[in-house]
2 protein chains.
Amino acid sequence: MVKISDVARHAGVSPSTVSYVLSGKRSISEETRRRVQDSISELGYRPHAGARALASSRSNVLALVVPLRTGIHVPVVMQFAVSVVTTARRHDHDVLLLTQEEGDEGLRRVADSALVDALIVMDVQLRDERLPMLRTLDRPSVLIGFPAETEGLTCIDLDFRAAGEACLGHLAGLGHRVVGLIGSPPEVYERGTGFAERTTEGFLAAAGEHGVDASVHPCEATADAARALVERLLDEHPDLTGVVVHNEPVLDAVVKAFQAAGRRVPEDLSVVAICPDELAEHAELPLTSVAIPAEEVGRGAVELLMDKLDGKDVPAATLLPPRLTARASTAPAAAG
Amino acid sequence: MVKISDVARHAGVSPSTVSYVLSGKRSISEETRRRVQDSISELGYRPHAGARALASSRSNVLALVVPLRTGIHVPVVMQFAVSVVTTARRHDHDVLLLTQEEGDEGLRRVADSALVDALIVMDVQLRDERLPMLRTLDRPSVLIGFPAETEGLTCIDLDFRAAGEACLGHLAGLGHRVVGLIGSPPEVYERGTGFAERTTEGFLAAAGEHGVDASVHPCEATADAARALVERLLDEHPDLTGVVVHNEPVLDAVVKAFQAAGRRVPEDLSVVAICPDELAEHAELPLTSVAIPAEEVGRGAVELLMDKLDGKDVPAATLLPPRLTARASTAPAAAG
DNA sequence: GTGAAAGCGCTAACAC
DNA sequence: GTGTTAGCGCTTTCAC
C-alpha cells in the first residue's frame, strides 16, 4: 500500500505538504503542488479512509436509513437513495445504507462509532420512535418527512398539504363539485405517517374553501381493493365527477374500475394522481398529477446536511412546492 | 467521547484487555470479562470505527454497487439491497451504497482507500467493463450475475438456464406444442446481460428436447409494446397455447392482451412468469411462476464474501436452482 | 511557503 | 490470564 510518506519522499517534500495539497487548507506554491500531484498519480496514492477519519474526526460518510414497510412505493425509495448517493458523491461523501429494522439503536451505533458524520432518515412517522435518539445524537441529521413535533430537527419533504390543495384546486377550477380522495393503505394512516394526513388536510381545507363536497378513502394497495372502493364510492356518491389518487400501486386499477363502471375518463370523471412523474406519464391514459420530487428531496437533504456539517444554519423545515402537470385524465365537469 | 482507555481505567484493566474482551481473540477470565462489559455499558463505549480500521486493516464495511439502468425491475434491486444489508449486519458488517455510475474507478476508490473490505456488484454484463478492475483489486468481490468469462471471479445468481428449461418443461408437460418466450426489453439483450440470454438458451434447448415449437421475443417494458407483441404473436402463431413471460412490468398487460384477443387464461392459453413470488401471487390471476430469489441471492453473496474474507475457498459459481410454483395461469393444453 | 512532530483511538505482538 | 507498547496512516499545530 502506498502511503503519504511514500508520496512525500517521491516528490521531495514533507508528508504535511502532501496533506495540504490534498486538502487545500494552506497555500502551496504552484511548483510544489504540481510535483506532489504528479507523484500522487504516478504512485496511485489513495489516502487511507480510516487513518484520515481518525486524524480528522471526519469519516466523509453519511448514513441513509431506508424504510422497509408495506404501503410505501419501492421505486420512489430507490429514487431517493440514488439521488442521495449521487449528491453525496458530488460533495466527496459516501453513503452507508441502513434499514429501518436497525431502529434507533442502529443510529446510535453508526453515529457514536464515528462511522458516519451525519444521518438522513426516510419515512419519518408523526411520532417516530427514533426522534429522541436523533435529538440527542451529537451528529447532524435531516429527516425526509415531517414528524408532529419538529423542534430541534431539520426536515424536508414535498409540501403534501399544498399538494392536496393543488389537486382539489385543479378539480374545483374545472367545475367539479363532488370529489373524492383515494389515499394510502389504512396502515399508513394508522401509524401516523405525516404525508398521508397532510395531503388529506390540504384536500379537505381546499374543498371547504371552494365549497366542494369532498370525502376521503384509504385504500389497500391491491387492484381488488381499488375496484371495491370505486364501486362503493360511486354507490355512495353517484354524482361524483372527480378523484385524487394518492396511492401509486392502484392508479391503473382505479382508472380501469371507473371505466368498467361506465364512467369515461376524463369526460365523465376526472382523475388527478399524486405520484412520480414517470408513472403519470407512462400510464395508459397519461394522468394529470402532482409529482413526488424524489430526486429534489434527496438532493436537498444532502445539501442541508452538508451545510450543517459546515456549521451553517439551515431552515428547520423545507417544504418543496407541489408541481401539478395537467395531462389527459382531467377535463371540465359536464355542465350540470 | 469515551475511549478504550477510559473503559480500561474504569474497569481496572489495561486497554488491550478491553480490546480482547471485545474481539474474543484471547481468553479472558469470567470475572474480568464481566467487569469490562459492565464498564462498557455504563460508560456507553463504542469503538471508533476509523481507529479500529486503521489498526486492524479491516473496516467491516462492504460495498454494494446497484444498477441504475432501464429495463431492470426496481423492486427486485431493493430486495437484493435489503437482503445484503440485513445479512451483512448479522456478520457485523455495514454496507456502503455505490451506484453503477461510479464505474470501475469508483470500485478502485473505495477499495484502495480501505473504505471497504470487499465488494458486491449487481447487474453484471456478459463483458462487463468493471471485470478487469475487480480482478486486479486486492480485495475480494462477489458478482450477482454471470459474465461471459468467470475466470478469477466469484459469481452467484438464479440458474436462469434451468429456469428457462423449467418453464418450458412445465408447459410441455401440460401438452403445449407451440409456445413463446416474451423476454426483457431489447436493450437488455443488446448490452449482453447474461440472465436474459441464459433464460433463452434454456428455454430453446428444452423446446428442442421436448419437440416443442418455440419462439423468443424481446419486449419493451410498456403495456403498449406488450399488446402489440401479443397481437403479432397470435398472428404469426395462431396455434400458440403457452407463453413464458420474463419481463415484470408487462406481466399484467400480456395476460390482458391475450384475454382481449379472445384467449381465455388458462383454458386457451397458459402463462408462466419468471418474477418475484409476490408479483405472481398478487396478480389479478395468480400466475404460475419461477421465483426470482432476490433474498437468497443477496444473502448468498454476503456469505460468500464473508468466507473469502476469512480466507476460505469458495465456489467460483453458485447457481441457485429454480423453484417453479404452479398457480392459476397454466392448464393442460386442450386436446387437439 | 514548508517541515517536524505530536497525536487521533485502536490492535496485536511481545513480555510476563 | 493480563499488561506494555509500538505502530496503523493521516491531520494539524507549532515553528521557521
Side-chain angles (χ1 to χ4, degrees), chain A residues 1-37 39-40 43-61 92 109-117 138 309, chain B residues 1-37 39-40 43-61 92 109-117 138 309:
Chain A
M1 187 209 189
V2 26
K3 51 184 87 157
I4 200 167
S5 55
D6 299 328
V7 175
R9 197 171 321 112
H10 186 274
V13 299
S14 75
S16 62
T17 296
V18 176
S19 176
Y20 284 120
V21 165
L22 251 21
S23 70
K25 287 189 180 168
R26 80 179 182 193
S27 50
I28 303 280
S29 74
E30 202 33 51
E31 152 71 2
T32 303
R33 180 198 315 289
R34 215 194 22 68
R35 275 219 317 287
V36 168
Q37 255 148 3
S39 299
I40 287 177
L43 299 180
Y45 168 67
R46 307 265 177 186
H48 186 289
R52 183 171 257 193
L54 179 55
S56 68
S57 35
R58 279 297 194 100
S59 67
N60 274 37
V61 174
D92 196 31
R109 181 178 66 81
V110 296
D112 285 0
S113 67
L115 226 193
V116 306
D117 295 333
D138 53 342
L309 284 171
Chain B
M1 188 208 189
V2 26
K3 52 184 85 157
I4 200 168
S5 56
D6 298 330
V7 175
R9 195 172 321 114
H10 187 272
V13 298
S14 73
S16 63
T17 296
V18 177
S19 176
Y20 285 120
V21 165
L22 252 19
S23 70
K25 286 188 181 171
R26 79 180 183 191
S27 52
I28 302 279
S29 74
E30 201 35 50
E31 153 71 1
T32 303
R33 180 198 316 290
R34 215 194 23 66
R35 275 221 316 289
V36 169
Q37 256 149 4
S39 298
I40 287 176
L43 300 180
Y45 167 68
R46 305 267 176 184
H48 186 289
R52 180 172 261 192
L54 179 56
S56 68
S57 37
R58 279 298 194 99
S59 67
N60 275 36
V61 175
D92 196 30
R109 182 178 65 81
V110 297
D112 285 0
S113 66
L115 227 192
V116 307
D117 295 333
D138 53 339
L309 284 171

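Labels below follow one simple rule: chain letters A, B, ... track the order of the sequence lines, proteins then strands, and each chain is numbered from 1.
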Requested in this report: Give the intermediate values and the outcome of salt bridge (charged side-chain N to carboxylate O under 4.0 Å, His left out) for residues B/Glu30 and B/Arg34.
Outcome: CA-CA 6 Å; B/Glu30 201 35 50; B/Arg34 215 194 23 66; over 6 Å; no
Query raised in the report: Any salt bridge between B/Asp6 and B/Lys3, counting N to O under 4.0 Å?
Result: no
If you define the side chain from C-beta out and look only at heavy atoms, does anything of [X] sit under 4.5 Å from [Y]?
X: A/Arg52; Y: A/Leu22; result: yes
X: A/Leu115; Y: A/Val61; result: no
X: B/Ile28; Y: B/Val36; result: no
X: B/Val2; Y: B/His10; result: no

Query - Nucleic acid contacts of residues 45-59 of chain B, taken as heavy-atom distances under 4.0 Å to DNA chain D - result: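 Contacting residues: B/Leu54, B/Ala55.
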Query raised in the report: For residues 14-26 of chain B, which residues have at least one heavy atom under 4.0 Å from DNA chain D?
Result: B/Ser14, B/Ser16, B/Thr17, B/Arg26
Query raised in the report: Taking only side-chain nitrogens and oxygens of B/Ser29, does any of them come within less than 4.0 Å of OP1 or OP2 of D/dT2?
Result: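 Checking D/dT2 against B/Ser29, a side-chain N or O does come within under 4.0 Å of OP1 or OP2.
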**Report entry** Short side-chain N/O contact to D/dT2 OP1/OP2 from B/Thr32, under 4.0 Å
**Finding:** yes
What integer distance in Å separates [X]:[atom1] from [N]:[atom2]?
X: B/Ile40; N: C/dC10; atom1: CD1; atom2: C1'; answer: 13 Å
X: A/Ile4; N: D/dT12; atom1: CD1; atom2: P; answer: 11 Å
X: A/Leu115; N: C/dG9; atom1: CG; atom2: P; answer: 16 Å

Query raised in the report: Backbone N or O of B/Arg109 within a donor-acceptor pair of the B/Ser113 side chain at under 3.5 Å?
Result: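 Yes, because the side chain of B/Ser113 sits within donor-acceptor range (under 3.5 Å) of the backbone of B/Arg109.
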**Report entry** A/Asp92 backbone acceptor or donor facing A/Asn60 side chain under 3.5 Å
**Finding:** yes
